[in-house]
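For ligands, and for the atoms within them, numbers begin at 1 and follow the listed sequence. In this chain, numbering begins with 1 at the start of the sequence shown. On a predicted model such as this, the values are computed, not experimentally measured, just so you know.
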Amino acid sequence: MHSVSDTEAIILNLVQPLDHQRDTEVVDLFAAAGRILAVPVTSNLDFPHWDNSAMDGYAVRYTDVQHCSAEQPAVLEIVESIPAGYQPQSIIQAGQAARIFTGAVMPQGADTVVMQERTSQQENFVQILAAPKPQEFVRRQASFYQAGTQLLPAGIKLNGAEIAVLAAAQCGRVSVYSTPIVAIFSTGDELVTIDQPLAAGQIVDSNAYALAALVRQSGAEPLMLGIVKDEPAALQKTITEAIAHADIVISSGGVSVGDYDYVEQILATLQAQIHIRAVAMRPGKPLTVATFPPTVDEGDNNHRVPIYFGLPGNPAAVLVTFLRFVQPAIKKLAGLAQGWKVEFVKVRSHQELRSDGKRETYIWGKLQLVNGVYEFSPSGGSHSSGNLINLAQTNALAVIPVGKTLISAGEEVEVYFNRG
Ligand SMILES: Nc1nc2c(c(=O)[nH]1)N[C@H]1C(S)=C(S)[C@@H](COP(=O)(O)OP(=O)(O)OC[C@H]3O[C@@H](n4cnc5c(N)ncnc54)[C@H](O)[C@@H]3O)O[C@H]1N2
Ligand code: MOO
Ligand SMILES: [Mg+2]
C-alpha cells in the first residue's frame, strides 16, 4: 500500500504534459477564458504607450509651481485643452499650463499634473493653490511594461486579468493548449441511468455526473462512455475504447476485492502496467492507477498513452481521490507550468475530528470565516464513504495524518480548500 504523498509523486511523474507545438489551437480572445496559454507573449507596445495624466487637472512645469501655496498661488496661462484620445498641439513654456483629463497624452514641456481640486481657473488662467510633488500624477511611458520584454509566460491559465492584458496588447487570437479529453465510465450491475425507474437493488449512476462536473471544472472535456456491467468482456471493450480516445481514463467502482470487481484483472489482460493498487487513505483505499504499453496504431502516431484511474465506487471516495490525484494530473497534462499539486492551508478546527490513525483520513466539510479567522467544520451526518448527501455544499477537505487519531476543537488542522 502506497502513502498518499508517494501516490501523488508517482502519478505526477507519469503525466506527460501536452506538447507546446502539436497539442495547441488558436482561439478568439473572447473564448479564451480558462484556457492555458501555449506560447509566451511579447508586445511591441510600451505600457503606458505614452506619458499621460492620472487626473483631471492641469499639466504644468514643476519648476513653475514648486513654491506655490494657497496664499501665494502660481498663476499660469492655459494654452491648450487636452481630452483623452488627442495628440497635444503645443509645447508648454515657462508660465504656461494645459488643461488635461485622465488618460490624456502629456504635452511636451510639462512634467507634472496638478489635480483640479487644488486649482482655481479664471478664463484662460489657472491658479495653482498647492505645490505638487515633482512628476506627480503622470503615468510615465513604459513604467508598467517595457516593449520587447515578456508580457505573459506560457503555461498560465487565462482569467480576466490575463485576457485584459492580451486585449490591450492587441492579441485578438491566442495560442492555447488543446483541452484534454477525459473518458469517464461507471461499472456496476446495480447502476441505472438517471431517467430509468429504480428496481430493487438499483441506484442511479451519480458518479458519472460528479466526475463530468469535476473534469469540466478542472479544465478538461469529459467523454462519457456510460455504464458498464460487471462482466469482463464488457469492461475490456470499454477500457479499450477509452484508451484509444482519451488522455486520461477514469472509471469508478470494481477496484476492490469483491467477486465482481474486475478492473484490475482486465487491466492485466490488456498488459497495463499497474503503478498503484491501494493507497493508505480513507476514503479511497482501493485506488488503481495504470498505464498501457504504446500501441502501433492506425495513422495517429501522435496518440498519447493515457493514464488510467480506477477510482473506488463509493461516492465520497470518488470525490476525494479525484481532487487529491486526478485533478493535479489533469492540470499538469493540460499544460499548466506550475501549481498542479494540491495545496493545504492550516486553519482552526471548529470541532474535534477523529481517525483510526492507520490511514490518512479526509473529512469533508466547510471552511468558513468566523470573526475574521478561517475555521473548518465537518459536515453533519454520516461520514461513510457511501454517503453522498452530506458532500453537497462542502468546500473543503480536512486531513488527519497517519498516526494521529484526534484533532481537538480549536486545534490547527490542514485543509484543502476547493474554491470550485
Ligand atoms: N472486503 C473488503 N471489502 C471492501 C474493501 C476492502 O478493503 N475489503 N474496501 C472497501 C472500500 S474502502 C471501498 S471504497 C469499496 C470500493 O469498492 P469498488 O471500487 O469495488 O466499488 P463497487 O464495489 O463497485 O461499489 C462500491 C459502492 O459504490 C457504489 N457505486 C459504485 N458505482 C457507483 C456509481 N457510478 N454511482 C453511485 N454509486 C456507485 C456501489 O453501489 C457500492 O455501494 O469497497 C469496499 N469493500
Ligand atoms: O475507499 Mo473506501 O471509500 O475508504 O470506503
Ligand atoms: Mg466492489
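Taking the six-membered ring for Trp and thresholds of 30 and 60 degrees, Tyr362 and Phe344 have ring planes inclined between 30 and 60 degrees apart.
Short contacts between ligand 2 and Pro286, defined as distances under 4.0 Å to a heavy atom of the residue, involve ligand atoms 1 (O). Listed by number with element, the atoms of ligand 1 under 4.0 angstrom from any heavy atom of Glu190 are 31 (C), 40 (C), 41 (O). Near Val257, meaning under 4.0 Å from one of its heavy atoms, ligand 1 places the atoms 1 (N), 2 (C), 8 (N). For ligand 1 and Ser186, the ligand atoms under 4.0 Å from any heavy atom of the residue are 35 (N). Distances below 4.0 Å separate heavy atoms of Lys285 from the following atoms of ligand 1: 6 (C), 7 (O).
Note that the CD1 atom of Ile363 and the OG atom of Ser355 stand 7.0 Å from one another [nearest 0.5 Å]. Atoms CD1 and OH, from Ile92 and Tyr58 in turn, are 13.0 Å apart once rounded to the nearest 0.5 Å.
Contacts between Val204 and ligand 1 below 4.0 angstrom, taking non-hydrogen atoms only, involve the backbone exclusively. Contacts with ligand 1 closer than 4.0 Å are made by side-chain heavy atoms of Asp261 only, the backbone lying farther away.
At a threshold of 4.0 Å, the pair Arg35-Glu25 counts as salt-bridged, since one of the basic side-chain nitrogens sits closer than that to a carboxylate oxygen. Salt-bridge annotation for Glu352 and Arg354: present, with a side-chain N of the basic residue lying under 4.0 Å from a carboxylate O of the acidic one. Between Glu221 and Arg216 there is a salt bridge, since a side-chain N of the basic residue sits under 4.0 Å from a carboxylate O of the acidic one.
In summary, the side chains of Asp23 and Ser178 do not present any donor paired with an acceptor at a separation below 3.5 Å, with no hydrogens or angles considered. No donor-acceptor contact under 3.5 angstrom links the side chains of Tyr308 and Thr288, judged on distance only.
Here's the thing with Ser206: one of its N/O atoms is less than 3.5 angstrom from an N/O atom of ligand 1. Residue Leu191 has no N or O atom closer than 3.5 Å to an N or O atom of ligand 1. For a threshold of 3.5 Å applied to N or O pairs, the pair formed by Ala208 and ligand 1 contains no separation below that value. The shortest N or O to N or O distance between Ser385 and ligand 1 is not below 3.5 Å.
The closest approach between any non-hydrogen atom of Ala316 and ligand 2 is not below 4.0 Å. At a 4.0 Å cut-off, at least one heavy atom of Gly254 sits close enough to ligand 1 to count as contact. Ligand 1 does not have Leu388 within reach: every non-hydrogen atom of the residue lies 4.0 Å or more from it.
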Please lay out, stage by stage, how Ile100 and Asp56 fare under the test side-chain contact (heavy atoms from CB on, under 4.5 Å).
-> CA-CA 6 Å; Ile100 197 163; Asp56 301 318; over 6 Å; no

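Within the set Asp189, Val255, Asp205, the minimum heavy-atom distance to atom 35 (N) of ligand 1 is found for Asp205. Considering each of Asn314, Ile227, Val192, the one bringing a non-hydrogen atom nearest atom 43 (O) of ligand 1 is Asn314. For atom 10 (C) of ligand 1, the nearest non-hydrogen atom from the set Ala316, Ser256, Ser252, Ser251 belongs to Ser256. Checking Pro283, Ser385, Ser384 against atom 5 (O) of ligand 2, the nearest heavy atom belongs to Ser385.
Looking from atom 33 (C) of ligand 1 to the surrounding protein, the closest heavy atom is Asn207 ND2, 3.1 Å. For atom 1 (O) of ligand 2, the closest non-hydrogen atom of the protein is Gly284 N, 2.4 Å.
Applying salt bridge (charged side-chain N to carboxylate O under 4.0 Å, His left out) to Lys404 and the options Glu414, Glu360, Glu412, Glu411 leaves one that passes, Glu411.
Counted within 6.0 Å of CG on Asn371, heavy atoms from surrounding residues, nucleotides or ligands total 12 or fewer; the atom is thus considered open. By the 6.0 Å contact criterion, NE2 on His275 is enclosed, its count of non-hydrogen atoms from other residues, nucleotides or ligands being greater than 12.
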